[in-house]
**Q** 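One structure is given below, represented as structure tokens, and several questions about it will come after.
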Amino acid sequence: MSKPKIAIVVGSTRAARFADVPTQWIAKIAKSHADIDVEIVDLRDWPLPFFDEVASSAWAPSQNEVAQRWQKKVAEFDGFIFTAAEYNHAPTAVLKNAIDYAANEWNKKPAGFVGYGSVGGSRAIEHLRLIAVELQMAPVKSAVHIAWGDFLAVRQGEKKLEDLEHLNQSAAALVNDVAWWARVLKAARAADAIAGEAQAA
Ligand SMILES: Cc1cc2nc3c(=O)[nH]c(=O)nc-3n(C[C@H](O)[C@H](O)[C@H](O)COP(=O)(O)O)c2cc1C
């Protein structure tokens, strides 16, 4: 079986975003993991409208062309690491909208989070974990929380994420968790597919 493919989803899109810094850092760490393939998926490249379909794509095929391509893109992956900016104690609207624009494509795949902000994006991440459960994902325990002191120091160029050992340890644990669940669930989905084909024959 091929290596699980993991997307690093960049969860904020504003021009002045900080997200690029944690994205590049976690992508480098994830790419150094021997058992997974990694790709950055930037929501800036996916100009989805605010959700405007007759139903979730779990129930009715989406009409919007970007949504259709987005669902195919999500389907390519076996697991996800989201950068989690926190806007008013919640995930960004752009990330929630992108999540809503796919459905079955998220199912039975792990979700991990790299949060940042006053409390390391904790509140946004807890929201995202609940959303992930509704999408039949496996939100992993390990997470990265870049809390206020580190966040400000990195944003002002006084520190680099690479030099912050506690965050590098969290990142390694997160990537290990996502890689483990991605491998196990990829095999389980493949076994389900074979069983389904056998039943249909
Ligand atoms: C609309 C808005 C609301 C915010 N609310 C919070 C918040 O509730 N908690 C927090 O820690 N930071 C909050 N912040 C500060 C963000 O953590 C900070 O701007 C961060 O850089 C946002 O991520 P981004 O730069 O990738 O967009 C907020 C920022 C914005 C723009």
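Start at 1 with the first residue, then count along the sequence. Since this is a predicted model, take the numbers as computed values, not measurements. Order of listing sets the numbers, starting from 1, for every ligand and every atom in it.
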**Q** Provide, to 0.1 Å, the distance between atom 30 (C) of ligand 1 and the closest protein heavy atom, together with that atom's residue and name.
**A** Y87 CD2, 3.8 Å

**Q** For atom 20 (C) of ligand 1, what's the nearest protein heavy-atom neighbour? Residue, atom name and distance, please.
**A** F151 CZ, 3.7 Å

**Q** List the closest protein heavy-atom neighbour of atom 19 (O) of ligand 1: residue, atom name, distance to the nearest 0.1 Å.
**A** R14 NH2, 3.5 Å

**Q** Between L43 and W70, is any pair of side-chain heavy atoms under 4.5 Å apart?
**A** yes

**Q** Would you say N88 has any N or O atom under 3.5 Å from an N or O of ligand 1, going by distance alone?
**A** yes

**Q** With nothing but distance in play, are any N or O atoms of A19 less than 3.5 Å from an N or O of ligand 1?
**A** yes

**Q** Might you confirm whether atom CH2 of W25 has over 12 heavy atoms from other residues, nucleotides or ligands at distances under 6.0 Å?
**A** yes

**Q** I'd like to check V178 versus H33 (side-chain heavy atoms, cut-off strictly below 4.5 Å). Are they in contact?
**A** no

**Q** Around atom NZ of K5, are there more than 12 heavy atoms of other residues, nucleotides or ligands at under 6.0 Å?
**A** yes

**Q** Just go through Y116, F18, W148 and tell me whose heavy atom is the nearest to atom 23 (O) of ligand 1.
**A** Y116

**Q** Looking only at the side chains, is there a donor atom on one of D35 and W180 sitting less than 3.5 Å from an acceptor on the other?
**A** no

**Q** Suppose we measure from atom 8 (O) of ligand 1 to each protein heavy atom; which comes out shortest, and what is that distance?
**A** H89 N, 2.8 Å

**Q** How far is atom 14 (N) of ligand 1 from its nearest protein heavy atom, and which residue and atom is that?
**A** E86 O, 3.3 Å

**Q** Quick one, Y87 and S12 - any side-chain contact, counting heavy atoms below 4.5 Å?
**A** yes

**Q** Can you confirm, on distance only, whether ligand 1 has an N/O atom lying under 3.5 Å from any N/O atom belonging to R17?
**A** no

**Q** If you define the side chain from C-beta out and look only at heavy atoms, does anything of L128 sit under 4.5 Å from L95?
**A** yes

